[in-house]
Amino acid sequence: PIELYHLETNVDGINSPSIFPNPTYSGLVINTENNLEFAITNFSGKILLEGEILAATPVINVRTLSTGTYLLRLNDKTVTYQYHYKFIKL
């Protein structure tokens, strides 16, 4: 897949998902028009959470994560794009 590491909102005519709030205490809301697969990793690359985000209920519960900085990977299979975000869990 094509990997997009920047946070532009429109790349090649594709609307990139956005995440908020960042930092967060309990949940990340993903602003997306498509269903997405996600993985949250630490900076060592260990996958801590993974699953699917439905456009109708686009929230990832991160309450179980310790305070720190994490990487969020979103896979959009409809356009074979992969998006990467850094977020802070308070």
Side-chain angles (χ1 to χ4, degrees):
I2 298 169
E3 295 187 7
L4 303 175
Y5 288 95
H6 45 81
L7 298 179
E8 290 185 27
T9 56
N10 188 295
V11 178
D12 297 330
I14 304 296
N15 287 326
S16 300
S18 59
I19 66 169
F20 63 92
N22 189 11
T24 185
Y25 286 101
S26 59
L28 284 173
V29 177
I30 313 300
N31 185 11
T32 181
E33 298 171 358
N34 300 324
N35 295 343
L36 304 170
E37 293 177 343
F38 77 89
I40 294 175
T41 64
N42 60 21
F43 280 91
S44 298
K46 180 180 178 183
I47 296 175
L48 305 172
L49 293 172
E50 60 185 338
E52 187 173 353
I53 301 165
L54 303 177
T57 55
V59 178
I60 301 172
N61 182 342
V62 295
R63 286 187 184 127
T64 60
L65 296 177
S66 300
T67 299
T69 304
Y70 297 92
L71 298 173
L72 169 64
R73 183 183 70 231
L74 300 174
N75 293 319
D76 187 338
K77 295 190 293 184
T78 61
V79 291
T80 63
Y81 279 3
Q82 195 172 84
Y83 307 94
H84 298 256
Y85 302 89
K86 180 173 75 172
F87 74 94
I88 298 170
K89 165 65 169 63
L90 299 176

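Source: prediction; values computed, not measured.
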### Hydrophobic cluster identity match, Ile53 and Leu49, side-chain contacts under 4.5 Å
yes
### Message
Less than 4.5 Å apart, side chain to side chain, heavy atoms only: is that true for Tyr83 and Ile19?
### Response
no
### Summary
Heavy-atom nearest pair, Asn22 first then Ile88, reads OD1-N, 3.0 Å
### Query
If two hydrophobic side chains count as joined below 4.5 Å and joins carry through other members, does Leu36 share a cluster with Leu48?
yes
### Query
When clusters are formed by joining ILVMFWY residues with side-chain heavy atoms under 4.5 Å apart, either directly or through shared neighbours, do Leu65 and Leu28 land in the same one?
yes
### Query
Looking only at heavy atoms, what is the nearest atom pair of Asn42 and Lys46, with distance?
OD1-N, 3.0 Å
### Task
Measure across Phe43 and Tyr70 and return the closest heavy-atom pair with its distance rounded to 0.1 Å.
CE1-N, 4.2 Å
### Query
Between Leu90 and Thr67, what is the shortest heavy-atom contact and its length?
C-OG1, 3.5 Å
### Message
Measuring only between side-chain heavy atoms, which start at C-beta, is Leu72 closer than 4.5 Å to Ile60?
### Response
yes
### Task
Let me know which of Ser18, Pro17, Ser16 forms a side-chain contact (heavy atoms from CB on, under 4.5 Å) with Thr32.
Pro17
### Task
For residues Pro21 and Gly27, report the shortest heavy-atom separation together with the two atoms involved.
CD-O, 3.7 Å
### Task
Kindly compute the distance separating CD (Glu50) from CZ (Arg73), expressed to the nearest 0.5 Å.
8.0 Å
